[in-house]
Asks: 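One structure coming up, written as structure tokens, with questions to follow.
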Amino acid sequence: MPELPEVQTIVMELREAGLIGCKIRSVKVQWDKIVAVPDAATFAQELTGQTIAGFARRGKYILIQFEAGKYLLLHLRMTGQLIIKKATEPVLKHERVVFELDDGRTLRYHDTRKFGRFYLVNDPQAVIGKLGWEPLEAEFTVQSFTAGLVQHARQLKPLLLDQTFIAGLGNIYVDEALFAARLHPQRLANSLTKTEISALHQAIRQVLQKGIANRGTSLGNGEGNFASASRRRGRNQESLTVFRRTGQACPRCGTAIQRLIVGQRSTHICPKCQQLKNKHKV
DNA sequence: GTCTATGTTTGCGG
DNA sequence: TCCGCAAACATAGA
């Protein structure tokens with residue numbers, strides 16, 4: 001569930017909460033497989049006594065830097081949440097890792113489906129080295145995007161979901177960006193015109209920026225839905241145009257939104273605004 | 001109660 | 001290179 005805007009929202013809240021400078025007093029791992037690197041016991045031992053130096057995001061990963069130089073990387077996968085709570089609050093069933101801080105607070109990793117993973121490493125590149133563009137950074141230009149797209153005879157949506165091509169997009173924001181750019185998810189990447197590439201480039205940045213401004217997308221009411229570090233829900237779901245809106249009116253032309261499967265993923269389009277025609281490249 | 005879908009990623013086989 | 005499928009799990013919703 002957490003894509004770039006949701007992860008960014010969490011990182012911003014961790015910074016605002018004043019966790020930088022806090023020391024970890026203890027680490028309890030309740031489900032060992034959540035720790036990918038190293039083993040859970042070593043993980044807990046090495047983090048105990050460490051002081052938090054900063055928080056960052058790369059793609060859908062949260063990076064926590066420590067004063068001694070190590071990095072803790074976290075991927076939330078489907079249902080992961082990183083939440084700040086007082087140490088006195090009871091540990092919930094799905095809280096898989098609890099970091100006790102030296103100021104009476106705890107940082108808890110909550111994950112109903114247990115897909116999320118922690119990596120404690122010296123060099124973050126070992127984990128995030130293969131990620132593609134950071135779409136909101138200056139490096140993601142129309143020119144570089146064009147050069148990347150022409151190299152792939154793949155359907156647009158699976159390519160945009162490929163984190164080694166572009167980092168941070170997931171099912172929600174890809175559907176939203178393709179709608180905004182009026183492109184069919186099955187258009188071949190190397191078939192786009194200059195105009196279409198510009199529109200897609202702009203759409204990707206726009207939907208992500210809007211998602212961040214809205215503090216993320218929280219669908220439904222289940223416990224696995226997105227919540228920020230302070231347990232707040234986002235409100236970007238109110239701004240979605242096509243995602244999970246099957247049968248509802250397209251906000252642009254009123255046509256009923258359709259659901260289809262592309263690259264084994266549930267996909268939502270306006271059949272009138274996003275027609276499949278693999279035009280000849282200009 | 002039963003069945004299906006799920007916002008992610010990885011690895012396998014064709 | 002690219003695609004489809006399965007798996008890692010637990011829950012929501014029908």
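Naming: A, B, ... by sequence-line order, numbering from 1 per chain. Just so you know, these numbers come straight off a predicted model, no measurement behind them.
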Asks: Which of parallel (below 30°), tilted (30 to 60°) and perpendicular (above 60°) describes A:His152 and A:Phe165?
Replies: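 Answer is perpendicular, since the angle exceeds 60°.
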Asks: Using whole Å, what does the distance between atom P of nucleotide B:dT9 and atom CG of A:Asn171 come to?
Replies: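 Whole-Å distance recorded here is 11 Å.
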Asks: Just the rounded figure in Å: distance from P of C:dA10 to CG of A:Leu76.
Replies: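 It works out to 18 Å between those atoms.
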Asks: Starting from C1' on C:dT1, measure out to CG on A:Asn190 and report it in whole angstrom.
Replies: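 The answer, rounded to whole Å, is 12 Å.
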Asks: Would you say A:Lys60 places a side-chain N or O within less than 4.0 Å of OP1 or OP2 belonging to B:dT9?
Replies: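 Affirmative; the distance criterion is met.
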Asks: C:dC2 P sits how many Å from A:Gln186 CD, rounded?
Replies: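 That distance rounds to 16 Å.
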Asks: With a sphere of 6.0 Å drawn around NZ of A:Lys210, does it hold more than 12 non-hydrogen atoms of other residues, nucleotides or ligands?
Replies: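 No, the 6.0 Å shell around NZ holds no more than 12 heavy atoms from other groups.
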Asks: Indicate, with a heavy-atom threshold strictly under 4.0 Å, whether A:Gly170 touches base, sugar-phosphate, or nothing.
Replies: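 The residue A:Gly170 makes sugar-phosphate contact but no base contact.
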Asks: Are any side-chain N or O atoms of A:Gln237 and backbone N or O atoms of A:Ser218, one a donor and one an acceptor, separated by less than 3.5 Å?
Replies: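 Flag set: sc A:Gln237 to bb A:Ser218 pair under 3.5 Å.
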Asks: Rounded to whole angstrom units, what separation is found between the CG atom of A:Asn225 and the C1' atom of C:dA10?
Replies: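 Going from CG in A:Asn225 over to C1' in C:dA10 covers 13 Å.
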Asks: A:Lys114 or A:Ala153: which one's nearest nucleotide on DNA chain C is closer to the 5' end?
Replies: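 Between the two, 5'-proximity favours A:Ala153.
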Asks: Measuring to OP1 and OP2 of C:dA8, would you say a side-chain N or O of A:Lys33 lies under 4.0 angstrom away?
Replies: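 Answer is no, no contact under 4.0 Å.
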Asks: For A:Phe165 and C:dC2, give me the distance from atom CZ to atom P, rounded to whole Å.
Replies: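 Between P of C:dC2 and CZ of A:Phe165: 10 Å.
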Asks: Of the options B:dT9, C:dC2, C:dC5, whose atoms approach the side-chain atoms of A:Gln264 most closely?
Replies: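 Comparing B:dT9, C:dC2, C:dC5 against the side chain of A:Gln264, the answer is C:dC5.
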Asks: Between A:Met78 and A:Val262, which residue's closest nucleotide on DNA chain C lies nearer the 5′ terminus?
Replies: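 With A:Val262 and A:Met78 compared, the 5'-side residue is A:Val262.
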Asks: P atom, C:dC5 versus B:dA5: distance in rounded Å?
Replies: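 So the two P atoms sit 13 Å from each other.
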Asks: Taking only the side-chain nitrogens and oxygens of A:Arg96, find out if one of them lies under 4.0 Å from OP1 or OP2 of C:dC9.
Replies: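 For A:Arg96, the contact criterion (side-chain N or O under 4.0 Å from OP1 or OP2 of C:dC9) is not met.
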Asks: Can you confirm whether A:Thr217 sits close enough to A:Pro5 that some side-chain heavy atom of one is under 4.5 Å from a side-chain heavy atom of the other?
Replies: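 A:Thr217 vs A:Pro5: side chains apart.
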Asks: Would you say the side-chain atoms of A:Tyr173 and A:Glu6 include a donor-acceptor pair closer than 3.5 Å?
Replies: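 A donor-acceptor contact under 3.5 Å links the two side chains.
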Asks: Across the strands shown, which category fits A:Arg117 at heavy-atom distances under 4.0 angstrom: base, sugar-phosphate, nothing?
Replies: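 Here A:Arg117 touches no strand at all.
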Asks: How is A:Glu6 classified with respect to the nucleic acid when contacts are heavy atoms under 4.0 Å: base, sugar-phosphate, or nothing?
Replies: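 The residue A:Glu6 makes no contact with any strand.
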Asks: Quick one, which residues of residues 215-223 of chain A touch DNA chain C with a heavy atom under 4.0 Å?
Replies: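 Residues of residues 215-223 of chain A under 4.0 Å from DNA chain C: A:Gly222, A:Glu223.
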Asks: Is it true that A:Thr112 and A:Thr79 share a donor-acceptor pair across their side chains at a distance under 3.5 Å?
Replies: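 Yes, A:Thr112 and A:Thr79 have a side-chain donor paired with an acceptor closer than 3.5 Å.
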Asks: Answer yes or no: does a side-chain N or O of A:Arg265 lie under 4.0 Å from OP1 or OP2 of B:dT8?
Replies: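 A:Arg265 to B:dT8 OP1/OP2: side-chain N or O found under 4.0 Å.
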Asks: If you measure only the distance, is there a donor-acceptor pair under 3.5 Å linking the side chains of A:Arg108 and A:Thr106?
Replies: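 Note: A:Arg108 and A:Thr106 side chains meet the donor-acceptor criterion.
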Asks: Among A:Ile20, A:Ile10, A:Leu82, find the residue that satisfies the side chain to side chain contact (heavy atoms under 4.5 Å, CB included) test when tested with A:Phe55.
Replies: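 The side chain to side chain contact (heavy atoms under 4.5 Å, CB included) with A:Phe55 is passed solely by A:Ile20 among A:Ile20, A:Ile10, A:Leu82.
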Asks: Between C:dT11, C:dC3, B:dG7, which nucleotide has the shortest distance from any of its atoms to the side chain of A:Arg154?
Replies: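 Nearest listed nucleotide: C:dC3.
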Asks: Please convert DNA chain B into dot-bracket. A pair counts if it is Watson-Crick or G-U wobble with both distances under 3.5 Å; crossing pairs go in [ ] and bases paired with another strand get |.
Replies: .|||||.|||||||
Asks: OP1 or OP2 of C:dC9 sitting under 4.0 Å from any side-chain N/O of A:Lys93?
Replies: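 No, A:Lys93 has no side-chain N/O under 4.0 Å of OP1/OP2 on C:dC9.
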Asks: Rounding to the closest angstrom, what is the interatomic distance between C:dC9 and B:dG1 at atom P?
Replies: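 So the two P atoms sit 23 Å from each other.
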Asks: At under 4.0 Å between heavy atoms, what does A:Asp111 touch on the DNA or RNA strands: base, sugar-phosphate, or nothing?
Replies: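 A:Asp111: no heavy atom of the nucleic acid under 4.0 Å.
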Asks: Rounded to whole angstrom units, what separation is found between the CD1 atom of A:Ile128 and the P atom of B:dT8?
Replies: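 That distance rounds to 19 Å.
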Asks: What is the separation between atom NE2 on A:His75 and atom P on C:dA8, rounded to the nearest whole Å?
Replies: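 Value for this atom pair: 19 Å.
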Asks: For nucleotides C:dA8 and B:dT2, find the distance between their P atoms and express it as a whole number of Å.
Replies: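 Result for the P pair: 22 Å, nearest Å.
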Asks: Indicate yes or no: at least one non-hydrogen side-chain atom of A:Phe99 is less than 4.5 angstrom from one of A:Leu72.
Replies: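 SC-SC contact between A:Phe99 and A:Leu72 confirmed.
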Asks: Treating A:Arg96 as the side-chain partner and A:Trp31 as the backbone partner, does any N or O pair qualify as donor plus acceptor under 3.5 Å?
Replies: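 Pair absent, no side-chain N/O of A:Arg96 close to backbone of A:Trp31.
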Asks: Pick one: which of A:Glu89, A:Glu223, A:Glu13 meets salt bridge (charged side-chain N to carboxylate O under 4.0 Å, His left out) with A:Arg231?
Replies: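 Answer after filtering A:Glu89, A:Glu223, A:Glu13: A:Glu89.
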Asks: Choosing from C:dC9, B:dT8, C:dT11, which nucleotide comes nearest the side chain of A:Trp31?
Replies: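 Within the option list, the nearest is C:dC9.
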Asks: Using only heavy-atom distances, decide whether a donor-acceptor pair under 3.5 angstrom links the side-chain of A:Arg244 to the base of B:dG7.
Replies: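 Checked by distance alone, the answer is yes.
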Asks: Answer yes or no: does a side-chain N or O of A:His152 lie under 4.0 Å from OP1 or OP2 of C:dC2?
Replies: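 It does, given that an N or O in the side chain of A:His152 lies less than 4.0 Å from OP1 or OP2 of C:dC2.
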Asks: Is there a side-chain polar atom (N or O) of A:His94 under 4.0 Å from OP1 or OP2 of C:dT11?
Replies: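 Indeed, a polar side-chain atom of A:His94 lies that close.
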Asks: Taking OP1 and OP2 of C:dT11, is either one under 4.0 Å from a side-chain nitrogen or oxygen of A:Thr79?
Replies: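 For C:dT11, OP1/OP2 do not have a side-chain N/O of A:Thr79 under 4.0 Å.
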Asks: Given that A:Arg113 and A:Gln163 both sit by DNA chain B, which one's nearest nucleotide is further toward the 5' end?
Replies: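 Its nearest nucleotide lies further toward 5', so the answer is A:Arg113.
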Asks: Given B:dG7, C:dC5, C:dC3, which nucleotide is nearest the side-chain atoms of A:Ser266?
Replies: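 Closest nucleotide among those given: B:dG7.
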Asks: Please work out which of the three classes, parallel, tilted or perpendicular, describes the rings of A:His75 and A:Tyr61, given edges at 30° and 60°.
Replies: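 The rings of A:Tyr61 and A:His75 stand perpendicular, inter-plane angle above 60°.
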Asks: Using the P atom as the point on both nucleotides, what is the distance between B:dT9 and C:dA12, in whole Å?
Replies: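 One P to the other, the span is 23 Å.
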